Number of protein chains: 2
Amino acid sequence: MTAHKVITLNKIQIACKSCGLSNICLPLGLESDDIDRLDSIVQRNRPLRKGAHLFQTGDKFHSVFVVKTGAVKTYTQCPDGTEQVIGFHLPGEVIGLDGIELGKYICSAKALETSAICEIPFDRLEELTATIPNLQHQMFRLLSREISNDTSLMALLSKSTAEERLAAFLLSLSIRLHSRGFSATEFNLSMSRQEIGSYLGLALETVSRLFTHFQEEGILKVNRKYVEILDLEKLYGLLSHQTVCLEKLRAP
Amino acid sequence: MTAHKVITLNKIQIACKSCGLSNICLPLGLESDDIDRLDSIVQRNRPLRKGAHLFQTGDKFHSVFVVKTGAVKTYTQCPDGTEQVIGFHLPGEVIGLDGIELGKYICSAKALETSAICEIPFDRLEELTATIPNLQHQMFRLLSREISNDTSLMALLSKSTAEERLAAFLLSLSIRLHSRGFSATEFNLSMSRQEIGSYLGLALETVSRLFTHFQEEGILKVNRKYVEILDLEKLYGLLSHQTVCLEKLRAP
DNA sequence: CTTGATTTCTGATTGGGATCAATGATTTTT
DNA sequence: AAAAATCATTGATCCCAATCAGAAATCAAG
């Protein structure tokens, strides 16, 4: 029987209150009682294997998702087969918010590595937000942040050179990882050069060349997916005339 | 005395219920009573002159704004003095949502032409959304739409050629104007080539050349700010391999 | 280990759009 | 109405990054 296995799985699942992400995630700023109410509607499914989909473009929208561990990419498929990466999502980040409007997901979400995910049925969430003002406010903030982040990225994509884009990308990763308790200066990229390129509007060859270039400059030490930032200052210096990014980079 | 003038101004102000935009604006889907409650917190100030600011980067966030007539651009200022246009906002579109997160506006909003604006104090709005489920849902949808739109634009900026960008821009304008009761095929651009270029990540010269080019192809008739679309089909054809855009273009 | 598939790196070439520069058209100012 | 300022057009040149092409490294599996 598999019954026992399931119970075991449930036991290892972590409630919001004891989750290390509670200070960046949805429960931020909630009273203890309210966290419990939120907790009760959160579904914690089995971890998603690398390459598995959380949802796909056009699927009926029913839930938003929070990455607990691992990493997820969102992307859309172009008619010509190529994919356009929309975003990379680290622990504590919410996915699927863009599906609210039309009632269906407008992008696909795929695990870049084995990832634990919290699922929050949106109709249940809306019931809660209507009775918990702090939660409603937190949701508005979350959605607003998403918009600000997109704004920064748009500015990056429409103005900056390839060098600035990759520098901004690496710094964003560094900051986000650091605020989640990981090292700010060494980490493994869970995405390919191709995916970074798609996200930043660059060819994969350009991304590869830039990694080499940054290495020659003594800014990075790169080995395949493994990146060590040797000179954070210099990396920041590369995007010195980027208002938006510098202001917003700390956010996500 | 100016008292009489003020009263006159108040009299010409249009309540949400009798506003032509009510089917695309915030009141969408609300009961009659709830529209009245929303109406009661809407501030209708005197029209904004061309070039006047609605708010500026860093200002304390207190309200969201809806364009009633006219057009508004949002933008950020780079340290080097150049500005980055974030968006163009037509009647019925909401501005300032990106300020919720940090409690201050992260961009500036300036009238491109004389514009009537509805101002909605956000703390009052949040009180209402907590008691009117439909309004809360509408706010979530609105924020979600903003995110989807940004996503489309990011894809456009990171993948497409100059030609595709301008075509998408013109079609977006055409569709949005049409859904507001204006002509889909002839309109006046309220923004300069420079501003279009900034928004699309192109040099103003490129924008100008493309207008000429589209004219040579028989797609447009352009005279300064005045644009007439002669061949909508051909214009759509230019962005045939753009998933995201074609799907999303109808939205705003 | 070997084979094949995928990913990354590097070099050579090309092209789209930026930049520089000059002129013309339009609006605003005085 | 003239002068000034802004905006749009057009041409010439240049450069960054895309594309094309191939080698090398890594990974997956028999």
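Just so we're on the same page: letters track the sequence lines, and every chain starts at 1. Below, each value reflects all heavy atoms present in this structure, side chains not excepted, and no hydrogens, waters or symmetry copies. On a predicted model such as this, the values are computed, not experimentally measured, just so you know.
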| Going by modelled atom types, is there a donor-acceptor pair between the base of C/dG16 and the side chain of B/R209 at under 3.5 Å? | no
| field | Nearest-neighbour nucleotide for the B/R224 side chain, D/dA17, D/dC7, C/dT8 considered | value | D/dC7
| Integer-rounded Å distance: D/dT10 P and B/Q215 CD | 9 Å
| note | B/L210 CG to C/dG16 P, in whole Å, measures 12 Å
| query | Looking at A/S208, does any N or O in its side chain come under 4.0 Å of the phosphate oxygens OP1/OP2 on C/dT10? | reply | no
| task | Please determine, for the side chain of B/T206, which listed nucleotide (D/dC7, C/dC9, C/dG17) has the closest atom? | result | C/dG17
| query | Salt bridge check: are A/E83 and A/K73 linked by an N-O gap of less than 4.0 Å? | reply | yes
| field | B/L202 CG to C/dA18 C1', straight-line distance once rounded to whole Å | value | 10 Å
| query | What's the CG-P distance between A/N223 and D/dA24, to the nearest Å? | reply | 18 Å
| field | Donor on one side chain, acceptor on other, A/T74 and A/H89, under 3.5 Å | value | yes
| Would you say B/K225 reaches C/dT26's phosphate, i.e. side-chain N/O to OP1/OP2 under 4.0 Å? | no
| If you round to the nearest 0.5 Å, how far is CD1 of B/I24 from OG of B/S179? | 5.0 Å
| message | By nearest atom, which of the nucleotides C/dT10, D/dA17, C/dG17 is closest to the B/A162 side chain? | response | C/dG17
| task | Whole angstrom is fine here: how far is it from CG in B/L200 over to P in C/dG16? | result | 19 Å
| task | For the pair A/E93 and A/R180, find out whether any cationic side-chain nitrogen is under 4.0 Å from an anionic carboxylate oxygen. | result | yes
| Rounded distance (Å) that lies between atom P of C/dT10 and atom CD of A/E216 | 8 Å
| remark: B/E163 atom CD is separated from C/dG17 atom P, nearest whole Å, by 8 Å
| Heavy atoms under 4.0 Å, any strand shown: does A/G201 hit a base, just sugar-phosphate, or nothing? | sugar-phosphate
| message | Side chain of A/R193 only, heavy atoms from C-beta on: which candidate in D/dA18, C/dT8, D/dC20 is closest? | response | C/dT8
| query | Are A/Y199 and A/F88 an aromatic pair by the rule of ring centers under 6.0 Å? | reply | yes
| field | Whole-Å distance separating the OH atom of A/Y226 from the P atom of D/dT26 | value | 16 Å
| field | Given DNA chain C, 5'-ward residue of the pair B/E205 and B/K50, judged by closest heavy atom | value | B/E205
